[in-house]
Amino acid sequence: MQFDVFTWLGGLWDWVIGVLLWLWGFLMWPFLWEGPFDFFAWFGGLWDWVLGIFLWLWGIVNWLIFWVVDFVNWIWFLVSLPENFMFLFRAIVFPGLIFILLALIFTVWYTRKIWARLQDRRGPMHMGKYGGLQLFADAIKLMSKEIIIPDKAKRWMYRILPSLLLVIVMLPFAFIPWDPYWNILGSPTSPFPDLSVSLVLVFAILTAVPVFSLLIGWVSGSKYSLIGGFRAANNQFAAEIPMVISSVGPAMLAGSLSLYSIVMAQTNIWYIVLLPINFITFFVAAIASVGTFPFDAPVADSEIIFGWRTELSGIYFTVVYFAEFAEQMLYSALMVTLFLGGFNGLPFLAGIVNFAIKWLVVFFLFIVVTSSFYRLRQDQVVHLCWKYLLPLSILNVVLVMFALVYIPGLVPLVIGG
Amino acid sequence: MSPDILDESSVIWFGPQHVSAHGWAAKLTIVGDYIVECDPNAGYFHRSAEKCLEFRNFRQGSMILERICMMEAFLAEYPYIAAVEKIVDLEVPERAKIMRTIMMEFNRIHSLQFWWGQFAGELGLFVMLLWPWVDREYSLDAFEELTGSRHTVSYATPGGVKYDFTPKFLAKMETALKLVKDRMPVFNDMLAGSPTFRLRTEGVGHYTAKQALKWGLSGPNIKACGIPMDLRKDDPDPNLAYDLIDWEVPVINNEEHPGESDAFDRLLQRFKEIETSLDIIEKLLPILPEGPIIDPKARSKTNRLPEGEGYGRVEGTRGVTSVWLKTMAKAQTPWRAKIRGPCFASYYSLKHIVPGARFADFPAIFGSLDPYPGWWDR
Amino acid sequence: MSKTPGSASTLARTIINKYPDIESKPLVGNKVELVVPPEMIRDIVSMIDEEVSDALPESLFGVDLTEDKYEVIYIFWSHEGKMLVQLRVSLEGETPEIETVSDIFPGLDWHERETHELYGINFKNHPDLRLLLLPDELEGKFPMRKSFLTDRSRMDETGLARPKPRPKPGGESS
Amino acid sequence: MGFVGNLGDIFRILKHTFRQVFRRPFTYFYPFEDREYPETTRGRHIHIRETCTACAACVRACPVAAIRIDKEDKKFEKDCALYFDYTRCLFCGDCVRACRYEALFHTPIVDLSEGDRDDLIYGPDKITTLDRDPLEWRGRRFR
């Protein structure tokens with residue numbers, strides 16, 4: 001049965017007229033009726049009226065059901081197109097959301113284990129084998145905790161901002177070329193074959209992170225959070241520019257701003273061989289931008305209790321905690337992409353495996369370096385980033401420019417095969 | 001400080017439930033990033049130890065004192081015992097004297113190691129928080145082997161010491177001290193050799209020797225200014241063995257600012273303290289004679305004390321630790337016992353050192369003074 | 001540092017030459033005790049500040065001798081002369097009063113605050129006599145006085161007989 | 001201390017931390033493993049009633065009044081029952097030192113945790129013996 005909205009609509013008017021007439025008759029009967037009121041005649045007409053209403057309602061429901069079914073049909077038709085299906089599978093399952101979440105859980109465990117080793121401890125041991133399920137236990141515990149919102153907090157902003165922060169931090173993962181085939185945006189087989197500005201987009205999205213830190217600190221209604229929020233903004237202000245300029249070197253060598261193309265250009269030689277200092281500046285600037293240990297003035301626990309996260313509790317804290325690890329993961333992945341050849345590597349391994357191995361190594365370095373130095377004061381962070389990292393990275397850009405022009409064999413080498 | 005600046009000030013309570021303010025609170029008035037006023041608050045740990053001592057007899061008193069500062073438990077209990085010994089005029093056997101001194105220096109080493117970790121933690125390096133504490137475990141194991149308790153040793157008693165050295169203890173002590181000595185270069189690299197550490201501590205928490213004396217600072221905090229004020233040398237307790245050997249007072253002289261000290265100088269000073277303590281133990285161990293460890297009449301003599309006043313002092317890890325004791329005739333308990341903790345002065349001096357510093361430097365300043373809340377709250 | 005006297009007795013003599021009211025009592029070692037009348041404490045402390053260039057204000061505390069008699073004891077230590085000076089001030093009255101010395105030695109500021117709250121000894125012209133250690137409900141109770149009774153019920157729980165009463169304070173203090 | 005010197009310092013620090021990762025951790029699995037306690041450890045007490053003479057020297061020596069004596073409760077000729085309150089005990093060892101009849105000792109048992117404060121008052125039934133209920137957790141028995 002095909003439902004026709006217009007037929008149905010056309011019938012509606014007759015019905016309305018009928019109802020109105022009936023009502024009119026009902027109102028006018030004391031004047032029009034001759035003789036005594038015949039209750040049963042009136043009562044007999046009532047049923048028709050009720051039935052009319054039921055029919056009308058059913059018409060609406062029927063129409064809604066068909067509309068929904070049609071809509072779902074249409075969606076399914078789109079999804080079942082091969083290219084669309086593959087895109088969705090990537091975005092949600094494999095290099096996308098679920099993969100990232102699993103990697104995040106693994107990262108937290110990995111970080112905690114290395115921290116524990118550095119501090120002469122064993123780290124989580126009891127939940128699951130080698131404490132592998134500890135994060136789930138922690139997450140369940142944190143989520144089941146009471147959420148305490150301070151009196152002076154702006155309640156709705158306080159509720160929304162932590163989740164938004166996580167979303168913002170997760171977005172750039174869409175641009176990371178995990179594998180020649182399995183990636184979300186940028187591979188030749190995906191519906192968006194070559195996103196030519198993905199490097200810029202990643203930084204553009206990441207710029208929003210300190211805004212969220214500052215806002216969370218602001219709306220928490222606590223002095224510690226406010227100071228922490230400003231320090232987070234200060235950190236990003238110091239570290240963003242050296243980091244972006246450090247990423248110019250690989251982009252110039254590859255002749256592209258697309259992360260996928262930069263990786264494809266590294267088939268002959270990894271850029272860390274050509275640009276070691278550039279790698280170090282990017283590395284330090286990335287640490288400063290994340291705000292972990294040597295640069296953790298925003299969350300300095302011996303000064304301002306937990307910085308901009310002081311007032312967060314329960315699920316909000318969990319989300320923000322995940323966001324920090326996601327950011328560290330993201331920067332490690334960016335370093336692998338820009339300097340360590342991305343998925344290029346051992347030919348008999350899948351691209352994603354190559355990427356994961358390098359990523360683990362970079363993340364290990366990240367943790368070892370972050371837990372070897374004392375916390376810098378916020379003015380010293382700016383001092384370091386602007387006085388040492390910025391000139392070094394600019395110098396590197398200049399050197400790369402000259403090298404590309406004047407060294408003859410360089411261009412074929414760095415463009416890749 | 002003009003009044004207009006104070007219009008923009010805000011007050012931040014640093015403690016008492018702060019991560020690094022364990023049991024104390026300072027009210028900081030900050031303008032921008034700078035602290036203009038610091039008002040330290042005491043009393044969160046006040047247990048009235050002085051009143052407690054008035055109801056304990058002369059052998060029990062030291063148990064109360066130990067619990068004031070767990071990190072230097074033996075150094076904390078010793079002044080009371082010294083004061084009792086001064087009133088009764090007890091002569092301690094030679095062996096007990098040297099054993100007391102060895103334990104005292106041993107205790108000082110582990111207390112200073114604890115401080116390394118604490119200071120590094122306050123400056124944000126959690127790795128260094130735990131490394132010295134792990135090494136310290138070996139010292140604590142040695143204490144446990146000797147006395148049966150890891151921190152609160154209650155080792156000395158009026159007239160001698162309670163437990164004799166055993167070969168097991170000596171072996172454990174040697175392990176612990178060897179580890180301290182071996183790990184010294186590592187900690188030197190991680191603390192004094194770290195560029196980030198120098199950035200955070202140099203020029204922070206600055207004061208001159210004259211100021212420090214007026215505030216009553218003592219111990220490493222004033223030795224860092226170049227004044228070799230050390231009670232072990234200046235006024236050695238007659239029942240300790242510091243005058244039997246030849247040793248140097250650890251003191252550093254900073255050429256850049258003589259007679260003044262900052263947080264970095266205080267770190268170097270404490271490194272030197274450990275070296276001196278190791279040196280003293282090394283020199284004392286060979287001359288340890290055989291003999292009794294306690295005066296056999298001490299127990300009956302300390303049941304009831306004659307009327308008198310005694311002032312027992314010792315150079316603690318954190319400075320001059322002393323107990324002033326007054327007894328009435330034939331008293332079982334002291335009439336008045338005044339405990340002078342070294343950190344009473346160093347905590348008070350935050351009031352003068354901190355104004356003008358950046359807010360982020362506040363942990364570096366109080367950490368470098370090595371405050372322990374038990375000492376001012378008692 | 002040239003003005004630093006060599007020994008404690010020399011310092012005591014210098015002080016007594018200027019203020020003859022003061023008695024001095026040598027203690028064991030290079031230590032001296034001066035019995036100072038309460039009204040002269042500022043003169044003596046400032047004189048110590050002038051004479052001993054590296055005087056360390058080690059301690060200041062009160063002693064309750066019952067019957068409204070109190071003593072305040074000041075202890076100064078000098079590293080140069082390796083000497084210790086102990087000042088003893090006898091006070092009387094329900095709320096005894098004495099001049100503050102916290103402007104001469106800032107380190108004694110908190111000691112005076114503490115003595116004030118624990119013994120009820122009023123230090124005149126002290127800038128800040130708030131409570132230091134005590135909680136607010138004990139303000140004005142002066143817990144270190146002998147008249148402040150503590151809860152001794154724990155001793156009854158031990159099953160022992162009650163201990164003999166404390167000996168009376170014998171005469172004047174030494 | 002120039003720039004190069006700082007770099008050298010930084011590399012030395014990284015060397016120390018990097019080595020630490022591959023070192024065996026210091027900690028152990030506490031409820032399942034435990035370290036060796038020396039014989040001198042001042043843990044909970046054991047009261048030997050056979051040799052006790054009810055002299056109450058331990059009660060007098062206690063600085064915190066943690067021991068209660070009950071002279072009526074006699075099991076042998078002239079012994080008494082002792083009640084140790086471990087919410088107060090300082091483990092200072094003075095009661096053991098005060099005992100001249102070899103009736104009171106420390107044991108190397110230091111894990112005294114209980115679910116209830118009243119359970120920490122060890123009466124004559126608990127203080128005279130070292131037996132206690134074993135604790136099981138996730139199928140493993142410890143202590």
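Only a predicted model underlies this, so the values are computations on that prediction, with no experimental measurement involved. Every chain is numbered from 1, with letters handed out A, B, ... down the list of sequences.
- Residue C:Leu138 does not touch chain B at all, counting heavy-atom pairs closer than 4.5 Å.
- Classification of B:Lys214 and C:Asp54 as a salt-bridged pair fails, no side-chain N sitting under 4.0 Å from a carboxylate O.
- Applying the ring pair (Phe, Tyr, Trp, His ring centres under 6.0 Å) rule to pairs touching residues 80-100 of chain C yields nothing, sequence neighbours excluded.
- Looking at C:Trp77 and B:Asp234, their side chains come closer than 4.5 Å, going by heavy atoms from C-beta outward.
- Side-chain contact between C:Lys82 and B:Lys233 is absent, with no heavy-atom pair separated by less than 4.5 Å.
- The shortest non-hydrogen separation linking B:Lys51 to C:Pro143 is NZ-O, 3.1 Å.
- Contact record, B:Glu309 with C:Gln86: OE1-NE2, 3.9 Å, taken as the closest heavy-atom pair.
- With salt bridges taken as basic N to acidic carboxylate O contacts below 4.0 Å, one links B:Lys338 and C:Glu114.
- Rounding to the nearest 0.5 Å gives a distance of 9.0 Å between OG of B:Ser322 and CG of C:Leu84.
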For this session: Before giving the answer on side-chain contact (heavy atoms from CB on, under 4.5 Å), spell out for B:Lys326 and C:Leu65 the whole-Å C-alpha distance, their side-chain angles and the decisive distance to 0.1 Å.
Result: CA-CA 11 Å; B:Lys326 179 185 177 68; C:Leu65 296 172; 3.7 Å; yes
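- Annotation: maximal heavy-atom pairing with chain B below 4.5 Å, among C:Leu27, C:Ile73, C:Leu133, occurs at C:Leu133.
- Contacts classified as salt bridge (Lys or Arg N to Asp or Glu O under 4.0 Å) and involving residues 7-24 of chain C (residues at least two apart or in different chains) are not found.
- For C:Trp110 against B:Ala42, the heavy-atom pair with the smallest separation is CZ3-CB, 4.2 Å.
- Between the B:Tyr348 side chain and the C:Pro106 main chain, a donor and an acceptor come within less than 3.5 Å of each other.
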Exercise. So B:Asp39 and C:Arg130, side-chain contact (heavy atoms from CB on, under 4.5 Å) or not? Walk me through it.
Worked result: CA-CA 12 Å; B:Asp39 181 16; C:Arg130 284 176 297 155; 3.2 Å; yes
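- Note: C:Phe105 and B:Trp215 fail the aromatic proximity criterion, with ring centroids not under 6.0 Å apart.
- Residue B:Ala345: no heavy atom, backbone or side chain, is found under 4.5 Å from chain C.
- Between B:Asp235 and C:Lys31 there is a salt bridge, since a side-chain N of the basic residue sits under 4.0 Å from a carboxylate O of the acidic one.
- The closest side-chain heavy-atom distance from B:Asp230 to C:His79 is not below 4.5 Å.
- Rounding to the nearest 0.5 Å gives a distance of 8.5 Å between CG of C:Leu132 and CG of B:Asn41.
- One finds the CE atom of C:Met144 at 5.0 Å from the CD atom of B:Glu50 (value rounded to the nearest 0.5 Å).
- Applying the ring pair (Phe, Tyr, Trp, His ring centres under 6.0 Å) rule to pairs touching residues 52-73 of chain C yields B:Trp324-C:Phe61, sequence neighbours excluded.
- A distance-only check finds no donor-acceptor pair linking the side chain of B:Arg336 to the backbone of C:Asp64 [under 3.5 Å].
- If you measure heavy-atom distances from B:Pro238 to chain C, you find no contacts under 4.5 Å at all.
- Summarising the local packing, NZ of C:Lys69 is surrounded by 12 or fewer heavy atoms from other residues, nucleotides or ligands at distances under 6.0 Å.
- Counting heavy-atom pairs closer than 4.5 Å to chain B, the top-ranked of the candidates C:Leu131, C:Ile75, C:Asp128, C:Leu118 is C:Ile75.
- Ranking B:Ser218, B:Ser48, B:Pro228 against chain C, the residue ahead of the rest is B:Pro228, based on heavy-atom pairs under 4.5 Å.
- Heavy-atom pairs under 4.5 Å with chain C were tallied for B:Tyr44, B:Phe344, B:Tyr311; the largest tally goes to B:Phe344.
- Neither the backbone nor the side chain of B:Ile222 comes within contact range of chain C; no heavy atom of the residue lies under 4.5 Å from a heavy atom of that chain.
- In terms of heavy-atom pairs under 4.5 Å with chain C, the best-connected choice from B:Met229, B:Gln211, B:Lys86, B:Lys210 is B:Met229.
- Scanning residues 90-100 of chain C against chain B with a 4.5 Å heavy-atom cutoff picks out nothing at all.
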